[in-house]
Structure formats: structure tokens, C-alpha cells
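Only one structure is covered here, and it is reproduced in the block below.
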Amino acid sequence: MKAGKVLQVALGVLTSIGGFLDVGAIATAADAGASFRFELLWVVLVGTICVIFLVEMAGRLAAVSKHSYADAVRERFGFQFYVWPILAEFVVDFLVLGAEIGGVCIALQLLTGVAFQWWAIPVALAIWLTAWLGTFDFIENSVALLGLVTLAFVAGAVVLHPPWGEVAKGFIPSGAPHEPAHYWFIAVSIMGALISPYLLYFYSSGAIEDGWGEKDLTMNRLVAGVGMGFGSLVQMGVLMTAAMVLAPHGIRVDQYGQIALTLVGPFGEWGYYLFAVSLGITCFGACMEQALETGFIVSQALGWNWGESKRPVEAARFTMAYTLSIAASTLLMVVGIDPLKLTLFSMALTAVMLPLVVTPLLVIMNDRHYLGEHTNGWLANGVVGLIIGLTFVMALVAIPLEYLGG
Amino acid sequence: MVSWAATAEMVAQRWTAGDVPTAYAHNTLTKGAQEARRAAAKLGQAPAAPVAREAQARYAELAVRLARIDAVIADDDGRAAAGLAAGLPAIRLKLDRLQSGCQAR
Amino acid sequence: MADDFPEPPENGTRLRLVRDVLDSQMVDRKQCQSGKVDGIVAELRDDGRLVITAIENGLPEAVRRVSPRVGDWIAALGRRWGVRKGEVYRIPFARVRNTGIDVRIDLDAAATPLLAWERWLREHVVRRIPGAG
Amino acid sequence: MRAPLKSAETRDRPLEVHLERLIGRRIHDPEGRKVGVIEEIEAELQDGEWVVTKVLTGPIGMLTRLSSLGIGAWLLGLLGARKSAGGHEIAWRDLDLGDPMRPRLRCPADALGPPAAARSKRGD
């Protein structure tokens, strides 16, 4: 592989690691560690394997057909089908973007002591300005590379000398040691945070923005496998630090501020600021992705010209779409809705709509018009079939579990 | 509610060790006191079972203590904060027993 | 006709309208993304043949496929405030070529209502904000 | 932009049909029996004009529309759906579109012959 290609793969892997976490991943992992120590590590592992397959397929679809997932679903299933997943995705995007903005505001509250609502509008302006002036590459690479600070969670977990035997046992799927409703609610929330619809929509659009072609399929597989695989280590780090710092004291996660203690444990005062910076950068990167994703799915559903790499003048409707999306979601924080409650609610909502979004993938990834001879093999089809089955189960149990164990 | 008592305890300790800023301690303790008061008020409406009365008293005591820790932290009085925080585990144990007592019934 | 615009197919060519035309991405002569095919219009001739005359683009037409009432409501909204006045735009089928996944249309979309919203937002909103490019 | 219709023109203007609204419509035969749901419409270029030649109904029609005859047939087989429940290919002249919202078959349903099986393995 040429040097340029190796650099490109390295960059892809690093941005996957830096960009892996978002507010949902942090909240659900910390809640899992605080409530059940290492018991739920296996859910993060299963979720990550699903993410790797979904990201690889989204990238392959775009690289070969030059069409995104949103394009393909509308073109193959028609507007009368596609209007439902896209409306559901709008609602979820609106809430998740609000929660991500909340994450950045909480980080600034931790750093400055000023209440998080006051930060909503400045944060929204910073997001909008970055999208308005930046290009897709700049946003993806810069923010995600800064996101490498989240490796602090991995370092924190190691510094706390985890009982590796218990950790290893946590990777073996097991039933609930206690409070089964809460156990399975967190498991569904972790999966909902990991297998979120934006993966398919955002990554396929990103591959088109980056101009990927069939020659990039190997890189696509490497970035998905290695990048996401290492990325999940960061989420496991959050879970393990919470298990070692919060669980022994019976501290359950009711507020983002409490999660700061997970890094204060191993690193003292340094840990406090490391957490604030990690939360802020992670959520800022996720804000950029969620806002752009709204622009992508509207433009691709209605066939507009779109592209973050284009200047705003060259894609007016696309830029207006993400501008309105940022403005609307910011209101959620200005009103002062608790970001953690909003996060967990949007994770449950995501779980309910997942089947509608993921099921068409099985058809599209076997369509020779789109994939030529790169259609799914039996392994990929088998995994997509499993993921679809999983999403149906999650959809059924998400709301009842939220009520029982939320 | 046991979680908030434990959180307050850890925050007070970390504050005295200089690991977390005062504003963070204030925000967390205020939130904890608020949750304790809410729990006490909720129990106030419940029928006057002895266990409920006992739990309500412990929540009220916890709310008062958290508010006092918050106040001494605002005055930057580390020793007073540590002293008050030292009383938290006792309240937490009582709450634990009451809670597991309720669940057992 | 632009030089790279595909030639009309020969006689006897068959076309699957739903899979190959409906909801497909329209790309104009300058390779510009010009919307999706929201509708296909045909005429029932006296000799009983049903001949396809045009494809249509317009949100009201797409939504009518889901719910006629909501589609009409969106058209009414468009008439009052819309830049395209709720009108659904028709492209003669003779100007349409199906190539693989996308549909090529033999016209310059910038000069048609297809990009009316794009033009309006660009002139009245985007261009007025610094850094718009 | 469509030119406003002049009054003279409206009288003898041929009936206009929106094909996309036919998708999902159920076809009945003259005795009112259900024949199937329209999933795909096929046209052919005849002397410069695209003429509708046939309509596809039932799962085969839908799978053709999703161009996933391969995976679709495998899924149908998986779900135990009999191959014969594939649906029909109805020639255009056998359809009466007097009322586009209620397409009717001109001949009785059994005159249509056996339903089309899922022929091609790879989604053509």
C-alpha cells in the first residue's frame, strides 16, 4: 500500500477512535459501570461488532455506487416507504443534537461554573460557524483528532488496576445479577447509542464527500474494523472507570457532573479537567455530525445538490437545513431540559425506530445496480440479518424497559 | 437517594483534597439537597407507616447536612466540610437499611 | 443536446418504471442534482394505448402518494408562501434518459423551477451572510 | 410550467393517469375477486413513444421493483412462502383503467394462467 494510502488509513483509524464517543455512549457506559460494574462489557462488544459491519457496508455502498444510504432507500423503496424512517430520524436528530449540545454546555459548566443553559447559544453559534466555514475533511479530521483526549478513560481504567479476571468475565454474555429491568434497559440503551441510524446515513454521505471509489474498499474495511474496534476501547474505559470509582460507593449516574468523578478517581484534579475537555470535544464532534446529518438526509431524500465540502452558496438548501436544525435543537438547552434525561430518552426512541432504518440495508446491499460485484457475501448478509432481528427485539422492549427500569 | 448521599460524600472529600473546584461542589451538593428534600416531601404524602416516617426524617436530615456542607465550602472552610462529611456514611447506612427493609417486605 | 447527453434508446427497449424511473435522482445536462422523480404522467389514447408523456417533480406530488389530503395541503401552503407556488414541474418524457441508477434530463435545471428554492435561498439569505463563498 | 388549459382543449384531451398512484392499488376481476396489488409497471419504446405493456403484481412485482429477485426469492423461500404465491404479469390490454383508482381486469382471474415464479436468481 502506497505511503499516501497508509497515511489515509492511519488518519481514518485515528478519527474513528477520536470520534467514537458521543454523549449517549458516555452516559450509557457510565450508567452501566456504576450500576453493574463490568457485567455489561459484552453488550459494548456486541454493539461494536454490529457497528463495524454497518459502517463498512455504508462506506462500500457509497464508494461503489456514489449514492448514499438515504438515496438508495428512497430510490428502491419509494417515497411512500421512505417518508416514515426519515420523519422518525428528524425527531431523533432533533433530540440527540439537543443532548449533544447539552454535553458541550455541561463541559463548559464544569470548566467555568457558569450554569449550562447560558452556554447553549454560544455553543450553537460555534457549531454553526464551524459548519458554515469548514469543509467536511477539516471538521472530521480536526475535531476527531482532538477527540483522542478521550483515551484518558482508557488510561484511567488501567491506572486503577482493574481486576482483569472480573473484566474478562464481563465479556461473556450473562443475565442480570440484580435489578433485571434496569440491567436490560441499560443494555438496550448501550446498543441504541452504538447502532444509531446516523451511522448509515452519515458514513455513506461522508464517503461521498471524501470522493471514495472502488479502490478505497480495503481502506474502508480497515477504517471500520480497526478504527471502530479501538474506538470501543474508549467506551469500555468509561464503563470500567465508573465500575471502579462509582460502583463501590453505590453512586448511580443521575447527572453528567457525577461522571466527572470517574477520572478524578485515578488522576485527581487533572482528571476533573480531562473529563470536562473530553466531554466537550466528544460532544462538539458529535454535534457537527448530527447537524450535518440532518442536512444530508433532507437533501438526499429530495434530490438537492448537497455537500459540506461545497461553499454555502453552492448548496443553499443544504446549509439552510443544518442551520435550522442547530437552531431548533438549541432551544432544548436554552429551556434547560436536563441533558442526561434527554440523552437516555433519545436512546430509547432510537431503539424503537431502528428496524425501520436498518431493514432496507439487507435488500440494498444485495442490489447489483448499486454494488456491482461488491454485493454482500453470506457472512455480511448473516450479520445484517442478525442485526435486523436484534433491532426488532430492542424496539419491542425499549419503551416497556424505559418505564420499568429507566 | 443513597446515590446522592454517596456522591456528596465523595465530592466533599475531593473538594477538601483540592481535586474539584468549589463551583462543581456547590452545583452537586445543591442538586443532592434538592433531591433529598423532594424525596422527603414525597414520603410526607405517603401513609404514616413507621418506616416511611423514619426514612422521611433521614432524608430531611440529609438535605440539611448537604446544605450546611455547601455553605462551609462556600466559606472555604475545609476542616468544617470534612467534619460534616464524616457524618454522611452513617446517614447513608441507615437509608440503605431502610431501603433494603422496604424492598424485603 | 449536450455532447455527453445519452442518445435515445432503440425501438423495443423495455423500461421498469417504478424501479428505474420513479423516485430516481434527476441529473440535468450540466450534471447538476435536480431533484427526484416524484411522479410519472401517462395519457390513455383513443386506441387504448397508455403512452407516457412526462415525469413530475414537486413535494406535493410525492406526498400525495402517501396521503392525498396532506399532499393537497402542502400544495395550498406552497401556493400562499412557496417560491414555486405549489406547482408540480413536468418534464416531457422525450427529454428523459434512464442510465443505471440516475435519470438524466435534457435541460438546464438552473433555468427551471426545479432549482427555484435554491436560487431564492441563495440570493435572499445565504449570499448575505459573510463566508458564504 | 404547465400552460393553463384552454376550455376547448379540456373536452377532447385524453384521460391523464398518474402511474405512481397506481402502485399499491389492488386489482379486482369482473366478479370482484382480488387478483393482486400492482407493484411494478413495464413500458416499451414503440416508434418513439413509451407505451405501457404490462403490470406486475404480488411479491414478484415488489421484488422486481426492489431489484432483489435473488435475495428476495431466498427470503421468500426462507419464510416458506410458496413459489407460486409469486404474483402475476398482466398484459396492459387485459386491464381496464376507466377509473384509475380502481383498476379492473377485463378477463376473469383464472384466465390469467399460473402465477409467475421467481425466475432469475440474481436480482436482474
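Only this structure's heavy atoms are used, side chains among them; waters, hydrogens and symmetry mates stay out. Proteins get letters first, then strands, A, B, ... in listed order; numbering begins at 1 in each.
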(message) Restricting to non-hydrogen atoms, name the atom on C:Leu121 and the atom on A:Ala316 that form the minimum distance, rounded to 0.1 Å.
(response) CB-CB, 3.9 Å

(message) Please report the interatomic distance CZ(A:Phe318) to CD(C:Gln33), rounded to the nearest 0.5 Å.
(response) 12.5 Å

(request) State the CG-CD distance between C:Leu22 and A:Gln80, to the nearest 0.5 angstrom. (result) 7.0 Å

(request) Could you look at C:Val125 and say if it's the side chain, the backbone, both or neither that has a heavy atom under 4.5 Å from chain A? (result) side chain

(request) Measure the spacing between CG of A:Asn305 and CD of C:Glu118 and express it to the nearest 0.5 Å. (result) 4.0 Å

(request) Give, as side chain, backbone, both or neither, the part of A:Tyr370 having an atom under 4.5 angstrom from any heavy atom of chain C. (result) both

(request) Verify the neighbour count for atom CG of C:Asn11: are there more than 12 heavy atoms of other residues, nucleotides or ligands below 6.0 Å? (result) yes

(message) If you define the side chain from C-beta out and look only at heavy atoms, does anything of A:Arg317 sit under 4.5 Å from C:Leu115?
(response) yes

(request) Specify which of A:Leu302, A:Thr319, A:Val83 makes the most heavy-atom pairs with chain C at under 4.5 Å. (result) A:Leu302

(request) Supply the atom-to-atom distance A:Glu75 CD to C:Ile101 CD1, rounded to the nearest 0.5 angstrom. (result) 6.5 Å

(request) Name the member of C:Arg65, C:Met26, C:Arg122 that forms the most heavy-atom pairs with chain A at distances under 4.5 Å. (result) C:Arg65

(request) State whether the side chain of A:Trp132 and the backbone N or O of C:Pro130 hold a donor-acceptor pair below 3.5 Å, judged by distance alone. (result) yes

(request) Measure C:Ser34 against the heavy atoms of chain A and call it side chain, backbone, both or neither at under 4.5 Å. (result) backbone

(request) Would you give the length of the straight line joining atom CH2 of A:Trp128 to atom CD1 of C:Ile129, rounded to the nearest 0.5 angstrom? (result) 4.5 Å

(message) Are more than 12 heavy atoms, taken from residues, nucleotides or ligands other than C:Lys85, located less than 6.0 Å from that residue's NZ atom?
(response) yes

(message) Using heavy-atom distances under 4.5 Å, tell me whether A:Ala72 contacts chain C through its side chain, its backbone, both, or neither.
(response) neither

(message) Quick check: closest heavy atoms across C:Val37 and A:Arg74, and the distance to 0.1 Å?
(response) O-NH2, 3.9 Å

(message) Does any backbone or side-chain atom of C:Leu59 lie under 4.5 Å from a heavy atom of chain A? Answer side chain, backbone, both or neither.
(response) side chain

(request) Evaluate side chain to side chain contact (heavy atoms under 4.5 Å, CB included) for A:Phe79 paired with C:Val63, printing each intermediate quantity in order. (result) CA-CA 8 Å; A:Phe79 186 83; C:Val63 174; 4.1 Å; yes

(message) So for atom CZ, which belongs to C:Arg14, do other residues, nucleotides or ligands contribute more than 12 heavy atoms lying within a distance under 6.0 Å?
(response) no

(request) Report yes or no: does C:Arg19 contribute a side-chain atom to a donor-acceptor pair with the main-chain N or O of A:Arg76 at less than 3.5 Å? (result) no

(request) Using non-hydrogen atoms and a 4.5 Å limit, figure out which bit of A:Leu133 sits close to chain C: side chain, backbone, both or neither. (result) side chain

(message) Between C:Asp20 and A:His369, is there a side-chain donor-acceptor contact under 3.5 Å, judged purely by atom types and distance?
(response) no

